[in-house]
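Keep in mind it's a predicted model, so treat the numbers as computed, not measured. So that the names make sense, note that chain A is the first sequence line, chain B the second, and so on, each numbered from 1. Quick note: numbers below take in every heavy atom, side chains included, and nothing from hydrogens, waters or symmetry partners.
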2 protein chains.
Amino acid sequence: MEPIRVGLLGLGVVGGGTFKVLARNAEEIARRAGRRIVVTKVSARDLTRAKERVGNDAEVVTDPFEIVRDPSIDIVVELIGGTGIARDLVLEALAQGKHVVTANKALLAKHGNEIFALASSKGLMVSFEAAVAGGIPIIKAIREGLTANRIEWVAGIINGTTNFILSEMRDRGLPFADVLKEAQALGYAEADPTFDVEGVDAAHKLTLLASIAFGIPVQFDRAHIEGISQLSAVDIKYAEELGYRIKLLGITKRRADGIELRVHPTLVPSKRLIANVEGAMNAVLVKGDAVGDTLYYGKGAGEEPTASAVVADLVDVTRLHTADPEHRVPHLAFQPDSISDAPILSIDDVSTSYYLRVEVQDAPGVLADLARILADASISIGSMIQKPSADAPPRAEIIFLTHEAVERNVNSAIALIEALPTVSSKVTRLRLENLG
Amino acid sequence: MEPIRVGLLGLGVVGGGTFKVLARNAEEIARRAGRRIVVTKVSARDLTRAKERVGNDAEVVTDPFEIVRDPSIDIVVELIGGTGIARDLVLEALAQGKHVVTANKALLAKHGNEIFALASSKGLMVSFEAAVAGGIPIIKAIREGLTANRIEWVAGIINGTTNFILSEMRDRGLPFADVLKEAQALGYAEADPTFDVEGVDAAHKLTLLASIAFGIPVQFDRAHIEGISQLSAVDIKYAEELGYRIKLLGITKRRADGIELRVHPTLVPSKRLIANVEGAMNAVLVKGDAVGDTLYYGKGAGEEPTASAVVADLVDVTRLHTADPEHRVPHLAFQPDSISDAPILSIDDVSTSYYLRVEVQDAPGVLADLARILADASISIGSMIQKPSADAPPRAEIIFLTHEAVERNVNSAIALIEALPTVSSKVTRLRLENLG
């Protein structure tokens with residue numbers, strides 16, 4: 001059979017990796033796909049450098065639109081990133097009747113509904129395994145591997161930078177700022193780390209996971225997002241003492257009244273496998289009603305791991321491009337006419353457990369006041385530790401782990417606690433998930 | 001669209017679970033598959049009990065051949081098990097032009113080549129996600145999710161019974177026989193536990209994993225199989241002291257000269273995620289050249305987890321049954337004309353690290369003799385511990401961890417060690433994998 005002809009938009013880390021893996025494993029890939037998959041055209045800003053890289057194997061151009069409009073190209077791989085020109089290119093590729101493979105989570109989290117609608121109307125595939133958790137085939141697992149299940153929730157470590165930072169903070173008892181600097185020096189964090197450390201990148205990915213788990217439109221603007229930059233080393237230490245680790249989790253849950261969609265630092269029982277995912281690794285835990293808990297673990301970023309997902313998508317598209325469009329796996333796992341209008345819930349309506357830390361005067365009755373406020377707000381306490389300080393007058397830190405409670409109630413209780421004259425700090429509030 | 005009509009052979013644990021999940025999640029499944037998947041006919045030995053179970057939703061018959069020959073049935077689900085009548089039924093279903101979904105690892109490990117050849121010649125699918133690691137979509141991950149990769153090795157905890165027993169032996173320091181009895185009482189082990197505890201079940205599954213990882217025919221009869229019935233609690237304890245856990249792993253590796261295919265108790269560094277998979281859970285670690293290590297974790301058995309995999313296969317077949325057969329995912333992941341003839345290596349040619357334990361006289365020169373024998377066989381020692389005993393004359397147990405060595409050489413060295421007059425026990429030899 002004739003080779004499938006691929007146009008590659010962008011020859012950065014992932015684009016370069018994709019080119020390399022397709023070349024190195026050409027034979028192995030053809031043994032699987034039944035035909036060769038060949039990059040015939042590449043767009044890159046630096047023509048000279050790109051030509052050095054791809055040699056005579058592919059034509060190199062600077063204008064990516066030249067590729068999406070080239071009638072000889074079967075599949076366009078978008079690896080430019082961002083939501084500007086990437087959006088124009090993907091829409092134009094679809095308008096030109098080409099299937100698209102992309103690693104661009106920001107683009108799909110924000111413009112996925114528009115892109116998937118156009119693709120569906122044209123009978124085209126937009127594949128995005130590489131957009132979430134790098135080389136881990138998590139999109140395939142949820143969209144195809146767990147189709148028997150009513151998915152109950154998904155919780156994932158889906159940003160390697162923050163997991164690396166949290167692992168180092170815990171291992172070495174260092175504050176966030178120090179570890180961030182080190183991560184930047186090692187190349188694990190960008191010069192401007194905001195997207196990673198503030199949870200935006202994880203929220204892009206979570207938005208996609210929620211859509212394929214529950215069959216809802218992408219709704220990035222409804223996600224609740226908190227990063228790790230405000231997390232202090234002392235909470236990591238206390239969590240550890242209580243039998244928990246703190247991970248930046250993307251969590252999406254189906255409830256009777258809607259969908260929870262939230263990214264934030266989360267206490268997880270130390271004995272859970274996902275609590276032991278260290279360094280820059282990713283892992284996604286999926287709970288289905290039939291299968292129970294399943295976990296998927298691997299490298300969430302990097303040249304070749306991400307390329308692994310891009311190429312897997314290319315093989316899928318190669319296999320399925322002659323199939324009836326209505327028999328292919330739907331973009332968001334559910335048939336377009338079966339997409340649900342379940343609302344994304346406000347963070348105030350989220351129900352979970354909490355870690356609360358507060359500094360108080362070490363005096364009789366203080367603890368009783370705190371316990372009373374929590375009880376009045378229907379928040380029951382699972383466990384408590386008290387840490388005396390050496391200050392004068394004597395102070396103590398009190399840490400509560402609560403049972404499941406509604407966030408709105410917890411916030412009201414926190415306001416009352418902070419108003420107590422015996423309380424001398426803000427309340428540190430972290431969410432806790434048992435994931436059991 | 002008309003529903004897809006499924007005939008269910010067998011209404012035991014998995015058959016009953018499949019019927020239940022298809023009914024309970026009918027709407028969710030149809031939202032994904034684009035049409036309903038309905039069991040219209042069931043075969044079971046006990047007609048009355050089966051009728052109670054399925055009510056008026058499906059016809060119940062005692063003769064499964066009535067189902068495979070029924071022209072109204074689109075897909076046959078074989079959940080009878082074994083390699084006798086199940087083989088006849090699957091071959092007949094294919095002869096009748098029906099797609100097959102099966103959870104039968106023994107059947108495919110032994111007769112897969114014949115079954116897949118017939119299916120390919122007829123343009124039919126034989127799907128078997130449920131045959132390996134229950135609800136974990138590991139077949140899909142390797143066959144479709146990692147197609148970019150040259151797979152280097154696969155190592156899995158793919159038998160829940162033995163993992164439960166090993167977890168309990170370690171946790172509570174109990175001997176194998178005691179824990180087995182308990183596992184039988186709890187329903188984690190069969191009355192005749194041989195298939196599980198001697199590694200046969202794991203070897204069936206490993207045979208299938210090796211075939212889809214490397215594109216080789218199924219060759220169960222070439223697998224090297226050791227179970228856990230001879231494992232003593234003291235080795236679990238010493239391994240722990242050295243920083244390792246003992247797991248029954250199915251391991252298959254690609255080497256320049258062939259494929260390793262082996263099931264045996266294995267020391268794994270305690271810090272690896274797979275070493276922390278406890279109880280009856282399963283996990284499979286896959287190393288690809290592009291993606292690196294990925295791990296897949298979940299319930300490896302049970303009514304609904306296994307049904308989850310059966311139903312996922314039903315959705316796949318429902319989607320793909322109108323596609324060109326040559327564009328579907330090949331049964332063994334690689335195109336039938338690209339199957340490799342790489343030989344399965346003898347266990348003597350396997351190269352790995354070893355744990356060696358031996359009892360010696362606690363006298364000068366004994367350790368030097370042992371070290372000399374290992375050095376002469378080109379086996380280098382990674383670490384060593386010595387455990388004095390309270391016996392008279394004084395004795396000691398010596399435990400070596402070796403670097404990678406060829407098993408043949410290790411066995412020769414063991415024979416020389418056991419012949420030493422200062423050595424007073426057989427050498428206990430376990431294999432060790434760093435999986436790093």
Indicate whether any N or O donor in one side chain lies under 3.5 Å from an N or O acceptor in the other, for A:N25 and B:D289.
yes

So, B:N276 versus B:R245: side-chain donor-acceptor pair below 3.5 Å or not?
yes

Could you tell me whether the side chain of [X] and the main chain of [Y] form a donor-acceptor pair under 3.5 Å?
{"X": "A:N163", "Y": "A:V277", "result": "yes"}
{"X": "A:H99", "Y": "A:I75", "result": "no"}
{"X": "A:D313", "Y": "A:V101", "result": "no"}
{"X": "B:S211", "Y": "B:P217", "result": "yes"}

Between [X] and [Y], is there a side-chain N and carboxylate O pair less than 4.0 Å apart?
{"X": "B:K140", "Y": "B:E129", "value": "no"}
{"X": "A:E304", "Y": "A:K20", "value": "yes"}
{"X": "A:R35", "Y": "A:E2", "value": "no"}

Among [options], who wins on heavy-atom pairs under 4.5 Å with chain A?
{"options": "B:M1, B:R328, B:R24, B:H327", "answer": "B:H327"}
{"options": "B:E27, B:M281, B:R32", "answer": "B:R32"}
{"options": "B:V310, B:T322, B:L295", "answer": "B:L295"}
{"options": "B:L146, B:L332, B:D316", "answer": "B:L146"}
{"options": "B:I29, B:V315, B:L273", "answer": "B:L273"}
{"options": "B:G134, B:A290, B:G298, B:G288", "answer": "B:A290"}

Region of [X] in contact with chain B, defined by heavy-atom distances below 4.5 Å:
{"X": "A:N149", "answer": "both"}
{"X": "A:V329", "answer": "both"}
{"X": "A:A33", "answer": "backbone"}
{"X": "A:S340", "answer": "both"}

Counting only heavy atoms closer than 4.5 Å, note whether B:I138 contacts chain A via side chain, backbone, both or neither.
neither

I'd like to verify something: which residue of [options] has the highest number of heavy-atom pairs under 4.5 Å with chain B?
{"options": "A:V291, A:V311, A:L314", "answer": "A:V291"}
{"options": "A:R143, A:E278, A:H321, A:K299", "answer": "A:K299"}
{"options": "A:E326, A:R150, A:E303, A:K271", "answer": "A:R150"}
{"options": "A:P330, A:G302, A:A323, A:G292", "answer": "A:P330"}

Just checking, B:R254 and B:F214: is the charged tip under 6.0 Å from the six-membered ring centre and within 45° of the axis?
no

